[in-house]
Asks: 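Okay, handing you the structure first.
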Amino acid sequence: MSVKKYQLDQSHAPIFEALESFRKMRVVPFDVPGHKRGRGNPELATFLGQQCVGVDVNSMKPLDNLSHPVSVIAQAESLTADAFGAAHAFLMVGGTTSSVQSMILSVCKRGDEIILPRNVHKSVINALVLCGAVPVYVNPQVDTRLGISLGMCRDDIAEAIRRHPSAVAVLVNNPTYYGICSDLQAIVDMAHAAGMYCLADEAHGTQFYFGDGLPLSAMEAGADMSSVSMHKSGGSLTQSSLLLTGPAIQPGYVRQIINLSQTTSASYLLMSSLDISRRNLALRGRRQFEEVVEMAEYAREEINAIGGYYAFGRELVNGDSIFDFDVTKLSVHTLEIGLAGIEVYDILRDEYDIQIEFGDLGNILAYLSIGDRFQEVERLVSALSEIRRRYQSDSAGLLTEEYIDPEVVMTPQDAFYADKVSLPLDKAVGRVCNEFVMCYPPGIPLLAPGERVTDEIVEHIKYAKEKGCSMTGSEDPDLNRLNVLA
């Protein structure tokens, strides 16, 4: 196991240390929040604990201000940049959705083209709605057996750059929800050679910065910006995230972009969790993620030995559309036992008290991170074995495709703000969609604003609803009707 060298003393957690000092001062609060260290809401204090509500405080000179950090928050960001190998790091309290949107808004304006895969998280397309940039989609290849979208092929990226030389950036998933990685280094090099930025959605890639033998991280590859969900596998609190930038990006301007939408009342619970989690990963992350990899590889071997399931891994790597694979992702194909992934997801939760990350039409994902232990993995393997024994049936008639190539008619912004009508789902076929439709998780739109509604997509939506997928994004919560352009 290699030892990473840092420029700064990673044993410090300046926000956490400042909060600890502040707690000891016993300051009388005539500021917000109104619960006044929990005294005004004793049920909240009992539920969360006095130690928690006692540091749920407002920005003040000793604690700095996230909108314009000059002391402890600035120090925490410098330590984070050092730990992740970035030129600058921003602590984000609006989730990685906020990080992704700030990343795109920092380099794109109305009318700019951006090259990206279509199997992106909805936050990416939401950013295009906000800024008016024009997506140039590189449709990923699809593994027809697994029914999942893969990474972007190098030749497809090169062709998109050739056909759209004025594009300002290329965005890449590193990795996808299923653990699939594109050839990030080649994409960075191609983008920079064409005078474009390279942006990375690393919502599921925190471990790449601290795990030996894992795929290449965006900052190591020389990408210009990256959005990292520390709360997903890095141990921080839900909704806390990071935005990393390379040397070609002006941090002052990025801060201005972030401040357009980020709260001016940033949570010190979220910021301190990022600070503490960064310290933990810098000091112990390599050993922790080595254990995560061991657990995931063990689980893959045991699940594949059950029969019927396919827990896929590095054997999928083909050097292009699957350039690398994140082995911490425990993705399992379920159709051969006659159950859709969402059905296995529901059975695990309802009958075995096991909550996995998601189930789609053909697969489940068990998200392994630094908080997992071998005994829990054993329990999951045992439950999957029992589910196969109890529920296995004929897989005939089960749909497999998780991804359908879209027909893009107009930009997301133009479609989202256009005049619209609401039609029954079947009557919407042939019309241009005005809203989003997606299963969440993983949050990859089946339909986005500006795309044509097709019979295939409507069939997919009906099937996903029938199987119990959580459908989100549409104005009609039951998704019996769809908003289309008038």
Asks: I'd like to know if the side chain of N174 and the backbone of A200 have a donor-acceptor N/O pair within less than 3.5 Å.
Replies: no
Asks: Please determine if R163 and E113 form a salt bridge, counting it only when a charged side-chain N lies under 4.0 Å from a carboxylate O.
Replies: no
Asks: Would you confirm whether R118, through its side chain, and P445, through its main-chain N or O, come within 3.5 Å as a donor-acceptor pair?
Replies: yes
Asks: Between the side chain of R349 and the main-chain N/O of I356, is any donor-acceptor distance below 3.5 Å?
Replies: no
Asks: Can any side-chain N or O of D372 pair as donor or acceptor with the backbone N or O of S369 at less than 3.5 Å?
Replies: yes
Asks: With respect to V458, which candidate in L482, V429, L446, L447 satisfies the side chain to side chain contact (heavy atoms under 4.5 Å, CB included) definition?
Replies: V429
Asks: Where the side chain of R278 meets the backbone of F84, is there a donor-acceptor pair that is under 3.5 Å apart?
Replies: no
Asks: Strictly distance-based, threshold 3.5 Å: is any side-chain N or O of S273 a donor or acceptor partner for the main-chain N or O of L270?
Replies: yes
Asks: Do side-chain atoms of Q207 reach the backbone of S233 as a donor and acceptor pair under 3.5 angstrom?
Replies: no
Asks: Ring centres of F325 and Y178 under 6.0 Å apart?
Replies: no
Asks: Keeping D320 on the side-chain end and R154 on the backbone end, is there a donor-acceptor pair under 3.5 Å?
Replies: yes
Asks: Are any side-chain N or O atoms of K329 and backbone N or O atoms of H204, one a donor and one an acceptor, separated by less than 3.5 Å?
Replies: yes
